[in-house]
Protein chains: 2
Amino acid sequence: MPYTYEYPRPALTVDCVVFGLEAGELKVLLIERDLEPFKGSWALPGGFVNMDETLEQAALRELQEETGLRDLYLEQLYTFGQVDRDPRGRTVSVAYYALVNPKGLMLHASSDARQARWFPVSQIRGSSGPRLAFDHEKILEVALRRLRGKVRYEPIGFELLPTKFTLTQLQSLYETVLERELDKRNFRKKLLSMKILIELEERQQDVAHRAARLYRFDESRYRRLMRSGFVFEL
Amino acid sequence: MPYTYEYPRPALTVDCVVFGLEAGELKVLLIERDLEPFKGSWALPGGFVNMDETLEQAALRELQEETGLRDLYLEQLYTFGQVDRDPRGRTVSVAYYALVNPKGLMLHASSDARQARWFPVSQIRGSSGPRLAFDHEKILEVALRRLRGKVRYEPIGFELLPTKFTLTQLQSLYETVLERELDKRNFRKKLLSMKILIELEERQQDVAHRAARLYRFDESRYRRLMRSGFVFEL
DNA sequence: CCAAAAGTGTTCTCCATACACCCATGC
DNA sequence: GCATGGGTGTATGGAGAACACTTTTGG
């Protein structure tokens with residue numbers, strides 16, 4: 001190979017902050033490490049980048065290996081390069097964040113993880129939960145800030161819900177993520193006026209009160225609107 | 001060192017997209033490479049990350065070495081990890097973008113750069129300018145999109161102007177970056193109502209018409225407003 | 001019939017927009 | 001005195017915010 005660069009190189013990893021919504025709470029997926037360093041600690045799923053895969057491929061592979069998750073909304077978050085962030089030596093980590101609907105998902109730990117589990121984000125941040133390995137608490141902070149920012153001007157929140165959802169579920173998603181209450185009538189008016197939801201004939205099942213109408217996010221419609229200058233907002 | 005990871009590692013670089021405003025045009029700072037590969041081509045300033053420096057330090061160091069620039073607003077942009085983006089072998093690059101006021105700046109190429117020069121962004125994108133090395137055109141695209149997005153909801157535009165500026169300069173900055181015209185009266189009303197500009201006693205010098213009042217961005221005021229929930233917008 | 005959530009309209013306020021003329025200065 | 005940009009106010013429309021009651025359903 002010509003012009004090869006021969007100086008020492010930092011190691012390169014990816015880490016994934018996977019958010020999910022469960023019981024009206026925002027949760028994050030953690031694994032219990034089965035390898036040193038931080039063996040037995042909880043950490044974000046992630047690992048080393050191979051020479052023949054892109055960063056995103058590495059993130060997806062590690063997620064699959066350590067938690068069993070596949071096919072999710074994934075976006076690059078930030079790259080963390082503090083010199084001492086890994087006791088094994090210089091390691092730079094490209095962080096991704098992902099949104100999934102945990103309902104009905106099977107977690108399946110393997111590889112370097114003893115188990116994978118959902119933790120309420122508030123527990124970790126409030127330190128009533130486990131302390132995370134490496135600088136993963138900091139990565140979580142950055143991811144949370146990004147999620148809060150992004151959810152307001154891009155319709156990514158839908159990734160956290162089932163395909164079919166009620167407007168109340170959607171509203172409560174926003175209330176959870178943004179940590180503030182929204183007015184029911186105004187919220188509905190706003191969302192319906194955007195014309196990016198498909199009103200289904202179906203309704204909620206098995207609830208002990210009037211069953212709510214179900215909706216689906218109309219992605220292709222959204223894309224078309226985008227091209228003509230529409231911007232989703234709150 | 002315990003637990004050292006011994007698999008092959010991608011090389012790690014940083015690249016910087018430095019934007020400047022000159023003659024009412026948005027420009028980007030490029031260097032002419034003096035090393036293979038792409039010797040003689042124009043490229044973003046950047047280079048390999050050393051083992052004992054953070055990513056931001058690496059970006060600042062490379063900028064200083066290749067262009068002579070120091071002390072600028074710098075922010076991480078995105079990390080590019082396509083497998084084949086560098087002919088020397090697998091190389092991942094963490095891109096940063098920077099904003100400076102080019103007026104009166106001395107560029108001073110050295111190290112791996114033959115020269116450093118400002119190019120109109122439109123030229124590069126319209127391919128009437130030079131083709132850039134590696135995937136640097138793509139990096140420039142991403143940086144431009146980010147700049148356009150960010151300038152609207154964070155007061156970073158001021159970095160592109162001298163410390164003291166007129167409202168017309170500020171407006172024309174926004175018009176240039178956002179590529180659309182703004183109404184003078186509404187623009188002034190909006191900005192002045194934010195209370196983040198300090199009205200100076202001084203005025204423009206040496207203009208062949210009524211001299212405009214100069215303003216300064218009040219950063220500490222802005223920070224205070226931020227904490228109390230204020231958000232800069234457009 | 002009671003509990004629990006679904007669903008729905010109107011008013012008011014504020015902010016974004018559109019728009020045109022006089023002012024100060026240098027030459 | 002004329003060319004050049006600096007500087008200013010007002011009217012209108014539309015969107016966000018505030019706000020409470022009726023409807024449906026299951027138990």
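In what follows, every chain begins at residue 1, and chains take the letters A, B, ... in the order their sequences are listed.
- The existence of a salt bridge linking Arg213(A) and Glu199(A) is confirmed by a sub-4.0 Å separation between a basic side-chain nitrogen and an acidic carboxylate oxygen.
- Using a cutoff of 4.0 Å between basic side-chain nitrogens and carboxylate oxygens, Arg125(A) and Glu137(A) are not scored as salt-bridged.
- Partners of Tyr78(B) under the side-chain contact (heavy atoms from CB on, under 4.5 Å) rule, at least two apart in sequence or in another chain, are Gln76(A), Phe80(B), Val142(B).
- In this structure, Arg85(B) and Val92(B) approach most closely via the heavy-atom pair NH1-C, 4.2 Å.
- Looking at residues two or more places apart in sequence or on another chain, you find a ring pair (Phe, Tyr, Trp, His ring centres under 6.0 Å) between Phe165(A) and Phe158(A).
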Tell me which donor-acceptor pairs under 3.5 Å the side chains of residues 93-107 of chain B have, and how far apart each pair is, sequence neighbours excluded?
| from | atom 1 | to | atom 2 | distance (Å) |
| --- | --- | --- | --- | --- |
| Ser93(B) | OG | Thr13(B) | OG1 | 3.1 |
| Ser93(B) | OG | Asp15(B) | OD2 | 2.6 |
| Tyr96(B) | OH | Glu56(B) | N | 3.4 |
| Asn101(B) | OD1 | Lys103(B) | N | 3.3 |

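- Looking at Thr67(B), its side chain does come within 3.5 Å of a backbone N or O of Leu69(B) through a donor-acceptor pair.
- Between the side chain of Glu22(A) and the backbone N or O of Lys27(A), no donor-acceptor pair lies under 3.5 Å.
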The contact string for nucleotides 4-10 of chain C, one letter per nucleotide 5' to 3', using protein heavy atoms under 4.0 Å with B, S and - for base, sugar-phosphate only and none, comes out as BSBBBBB
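- Axis angle, first five pairs versus last five pairs of the helix from dC1(C)-dG27(D) to dC27(C)-dG1(D): 0°, rounded to 10°.
- The shortest non-hydrogen separation linking Gln204(B) to Ala211(B) is O-CB, 3.3 Å.
- Contacts between chain B and DNA chain D, taken as any atom within less than 4.0 angstrom of a protein heavy atom, begin and end at dT4(D) to dT10(D).
- Within the 4.5 Å cutoff, side-chain heavy atoms of Phe230(B) are placed close to those of Met194(B).
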